[in-house]
Amino acid sequence: MTLLTPPASVEIVEVAPRDGFQSIRDPLPTADKQRCIEALVDAGITRLEIGSFVSPRAIPQMADTGELIAAFADRPSLRLSALVPNLKGAELALEHGIREVVYVISVSESHNRGNVRRSVDESLEDLGRVIERLRQTEGTRLRLDLGTCFDCPYEATIGWQQVDRVLGQAIHLADGLPMEVALCDTTGRATPYQVADHFTRLRERHAREGLAWAFHGHDTFGMGVANALFAIHHGATAVDSACAGLGGCPFAPGATGNTATEDLLYALQGGGVATGIDLPSLLEAADRIAALPGGQTASHLRQVPRERVS
Ligand code: COA
Ligand code: ZN
């Protein structure tokens with residue numbers, strides 16, 4: 001009999017301030033966002049995607065990312081990152097003191113065009129420029145978010161070979177620069193076996209020193225926690241999630257947010273996996289986030305009587 005051994009620790013990357021807040025159409029007051037982030041930090045969150053540097057016309061909700069970074073800049077234990085779609089975004093992020101740039105490319109052509117208005121090859125070209133910029137700036141890190149790795153709203157199921165092509169080129173461009181690659185289930189439609197398959201095949205082909213693996217999942221089909229666990233058991237050392245399961249899109253019925261951080265934490269705690277996060281405090285942060293006007297949340301643990309959760 002072989003028992004499944006949980007890893008000693010996993011890094012949770014809290015993405016509610018980016019993937020969650022961006023789903024709320026009307027810009028929230030910065031002070032409200034700040035209070036939510038404060039609660040997340042109090043709960044022990046240390047990796048936080050605090051926002052994005054994108055066109056404020058594309059996503060007005062993210063326009064105050066610089067202010068939020070300034071509000072948390074004095075916390076040395078906090079590893080803040082920001083998502084960018086192009087070199088301009090990376091430069092803005094660095095100017096605002098961000099040391100971890102999350103560069104996003106969807107592996108499906110149609111989704112990349114819809115999201116960042118250019119082809120996958122054009123995004124890769126710009127990634128080359130971002131990499132050069134980061135090489136020149138000491139103390140910076142690169143996270144590559146590969147969107148639609150499992151399913152695309154326009155092209156349906158995505159095979160690992162399609163991811164392989166984009167990932168192979170990105171690794172070639174990085175040329176040894178350390179990088180964390182997140183395979184992203186943008187639509188929340190992946191299944192655990194598909195996640196295991198992609199991680200196994202891609203790591204077999206590309207594993208190398210300086211390359212870390214992560215998973216970014218949504219819970220639309222209820223697979224979020226299971227997918228994250230399969231990713232962890234097939235090589236991911238970091239997983240993205242959003243407190244309260246905040247997210248979804250007011251224009252896409254049925255779409256939900258990222259896997260709820262508290263649901264994932266509960267699963268990990270069951271295996272004795274260390275994350276540094278305190279569950280009761282995280283649930284307080286989830287209540288604060290759920291009270292934001294205009295947000296959709298989806299968390300199992302928030303529905304359970306508190307005295308049953310510990
Ligand atoms: N940050 C802030 N502003 C930016 C920017 C960035 N990273 N990139 C471009 N802009 C500005 C340009 O300066 C220009 O401003 P102007 O009209 O005042 O001169 C405007 O946005 C349009 O620039 P352009 O290069 O023509 O971009 P575009 O209109 O083709 O849009 C993106 C491309 C990538 C900027 C836009 O689609 C975008 O921001 N998408 C982000 C989508 C996203 O965040 N999705 C969710 C996360 S995965
Ligand atoms: Zn997402």
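Counting convention: from 1, in listed order, for ligands and their atoms alike. Just so we're clear, the structure is a prediction, and the values are computed from it rather than from any experiment.
Within the 4.0 Å cut-off (strictly below), no protein heavy atom is located near atom 23 (O) of ligand 1. For atom 16 (P) of ligand 1, the nearest protein heavy atom lies closer than 4.0 Å. Counting protein heavy atoms under 4.0 angstrom from atom 26 (O) of ligand 1 gives zero.
Ligand 1 places these atoms under 4.0 Å from at least one heavy atom of Phe53: 1 (N), 6 (C), 7 (N). If you number the atoms of ligand 1 from 1 as listed, the ones under 4.0 Å from a heavy atom of Arg117 come out as 30 (O), 31 (O), 33 (C), 37 (O). For ligand 1, the atoms lying closer than 4.0 Å to a non-hydrogen atom of Gly89 are 7 (N). Of all atoms in ligand 1, numbered sequentially from 1 with element shown, those under 4.0 Å from a heavy atom of Asn115 are 37 (O), 40 (N), 41 (C), 42 (C), 43 (C), 45 (N), 46 (C), 48 (S).
In this structure, CZ in Arg118 is found 9.0 Å from CD in Glu125, a value given to the nearest 0.5 Å. From Thr65, atom OG1 reaches atom CD1 of Ile98 across 8.5 Å, with rounding to the nearest 0.5 Å. Considering CG of Asp240 and CZ of Phe215, their distance stands at 9.0 Å, rounded to 0.5 Å.
Of the options Leu183, Val120, Leu146, Asn112, a side chain to side chain contact (heavy atoms under 4.5 Å, CB included) to Val107 is made by Leu146 and by none of the others.
Using a cut-off of 4.0 Å between Lys/Arg side-chain N and Asp/Glu carboxylate O, Arg201 and Asp197 are scored as salt-bridged. For Asp263 and Arg302, the salt-bridge test fails: no basic side-chain N is under 4.0 Å from an acidic carboxylate O. Taking 4.0 Å as the cut-off between side-chain N and carboxylate O, Glu49 and Arg79 do not count as a salt-bridged pair.
Using a 3.5 Å distance cut-off with no hydrogens or angles, the side chains of Asp19 and Asn258 do pair a donor with an acceptor. No donor-acceptor contact under 3.5 angstrom links the side chains of Glu11 and Thr237, judged on distance only.
With a 4.0 Å heavy-atom cut-off, ligand 1 is reached by no atom of Arg113. Residue contacts with ligand 1 for Pro56 involve side-chain atoms from C-beta outward but no N, CA, C or O (heavy atoms, distance under 4.0 Å). Under 4.0 Å from ligand 1, not a single heavy atom of Met62 appears.
Ranking protein heavy atoms by distance to atom 32 (C) of ligand 1, first place goes to Val116 O, 4.3 Å. From the protein, the heavy atom lying nearest to atom 38 (C) of ligand 1 is Ala58 CB, 3.7 Å. For atom 47 (C) of ligand 1, the nearest non-hydrogen atom of the protein is Arg18 NH1, 3.4 Å. Residue, atom and distance of the protein heavy atom nearest to atom 35 (C) of ligand 1 are Ser55 CB, 3.8 Å. Residue, atom and distance of the protein heavy atom nearest to atom 5 (C) of ligand 1 are Lys88 CD, 3.6 Å. Among all protein heavy atoms, the one lying closest to atom 2 (C) of ligand 1 is Val54 O, 3.1 Å.
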**Request:** Start with the C-alpha distance between Arg135 and Glu132, add both sets of side-chain angles, then the distance that settles salt bridge (charged side-chain N to carboxylate O under 4.0 Å, His left out), and finish with yes or no.
**Result:** CA-CA 5 Å; Arg135 250 190 243 289; Glu132 285 320 307; 3.4 Å; yes
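Draw a line from the Zn ion (ligand 2) to NE2 of His216 and another to NE2 of His218, and the angle between them is 100° (to 10°).
For the pair Arg57 and ligand 1, a heavy-atom separation below 4.0 Å is found.
The Zn ion (ligand 2) lies under 2.8 Å from an N, O or S atom belonging to Asp19.
For His233 and Phe199, the gap between ring centers reaches or exceeds 6.0 Å.
For Glu204, the CD atom sits in a loose shell: 12 or fewer heavy atoms of surrounding residues, nucleotides or ligands are nearer than 6.0 Å.
Nearest to atom 7 (N) of ligand 1 by heavy-atom distance, out of Leu92, Asp126, Asn86, is Asn86.
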